[in-house]
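Here's the structure we're looking at; comments come further down.
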Amino acid sequence: MNTVDAAPSLALPWIETLASRFRIILASGSPRRKELLDRLNIKYDVILSGFAEDLDKSQFPSAKEYVLETASRKAEEVYRRIKREQPLTPLIVIGADTIVVSSDGVIFEKPASAQDAATVLKEKLSGKTNTVNTGVCLYIDSADENADQPLVEKTVESTQVTFNELDDALISAYVSTGEPMDKAGSYAYQSLACFFVKEIQGDYYNVVGFPCARFYQMLLELHRKSII
């Protein structure tokens, strides 16, 4: 009988003590983000954002600005909601959003249908390079008792993913698994779409949905400034 060991996590004292000073919230239901955040050994709660994710893409000058604003709105909605319920509790709220941008600049989030997923894979991603952008936003309560607004920190990570040519049989088999339906760009590189990818340039975990190294650097900088 095979057993699966629990994923290892880092034991950093300054990270572990954050939960004694803040209520930390991940404003995302993504199991992939949760799995990756667990590796940092942070005690946190998962509270899904109620933000509708209905921003008009045409109003943003770049895909990066669009994904960053979406991540920010997710974090802000949870921060404001929990603050109304627990006004005296110091919070750190983590918001994130991932999009895929085709080589001709079209932004793709989760597909609307199986046919939509198949069309994206065949016409926009097959044999081409797409860019995965993940925006991360932190809403952090200030240690300054006179501050009436949270500190907001934002960043975007980008990774280029090049696909091999995908034939119709492969696309049909993949879509029939249902895997593309809750994935930005209609694919999951960490799972069955590993058979599609020729190469990547950048952070692998950003493609999964959470840029771990960039997120850690955000926390580290805030720690060095004695903000958290």
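Numbers here simply count residues along the sequence, with the first being 1.
- Counting only N and O atoms by type, the side chains of Glu179 and Ser191 include a donor and acceptor under 3.5 Å apart.
- Annotation: side chain of Cys212 is in contact with side chain of Leu36 (closest heavy-atom distance under 4.5 Å).
- Ion pairing of Asp203 with Arg214 is absent here, as no side-chain N (NZ or NE/NH1/NH2) approaches a carboxylate O to less than 4.0 Å.
- The shortest side-chain heavy-atom distance between Tyr187 and Leu125 falls under the 4.5 Å cut-off.
- Environment of NZ in Lys122: sparse, with no more than 12 heavy atoms of neighbouring residues, nucleotides or ligands closer than 6.0 Å.
- Checked by atom type, the side-chain pair Tyr66/Asp56 shows no donor-acceptor distance below 3.5 Å.
- Just one of Ile15, Ile94, Ile92, Ile227 meets the side chain to side chain contact (heavy atoms under 4.5 Å, CB included) condition when paired with Leu219; it is Ile15.
- The closest side-chain donor-acceptor pair between Thr89 and Arg23, if any, does not fall under 3.5 angstrom.
- Considering only heavy atoms from C-beta on, Pro150 comes within 4.5 Å of Arg80 through its side chain.
- A salt bridge is absent between Asp104 and Lys128: the closest approach of a Lys/Arg side-chain nitrogen to an acidic carboxylate oxygen does not fall below 4.0 angstrom.
- Under the 4.5 Å side-chain criterion, counting only non-hydrogen atoms from C-beta, Ile24 is not in contact with Asp45.
- Residues Thr155 and Phe215 are not in side-chain contact: their nearest non-hydrogen atoms beyond the backbone lie 4.5 Å or more apart.
- Side-chain atoms of Thr98 and Arg32 include no donor-acceptor pair closer than 3.5 Å.
- Between Glu16 and Lys43 there is no salt bridge, since no side-chain N of the basic residue sits under 4.0 Å from a carboxylate O of the acidic one.
- Ion pairing between Glu77 and Arg81 holds under the 4.0 Å rule for side-chain N and carboxylate O.
- Ring pair Tyr139/Tyr79 is tilted by interplanar angle, where 30° to 60° counts as tilted.
- Remark: the Asn130 side chain and the Ser102 side chain contain no N/O donor-acceptor pair separated by less than 3.5 Å.
- The hydrophobic cluster containing Tyr216 also contains Met218, counting ILVMFWY residues as joined when their side-chain heavy atoms lie under 4.5 angstrom apart, directly or transitively.
- Residues Asp38 and Tyr44 form a side-chain contact, since some pair of their non-hydrogen atoms from C-beta on lies under 4.5 Å apart.
- Within a 6.0 Å sphere centred on CZ of Phe195, heavy atoms belonging to other residues, nucleotides or ligands number 12 at most.
- Distance check, rounded to the nearest 0.5 Å: CG of Asp97 to OG of Ser72 gives 11.0 Å.
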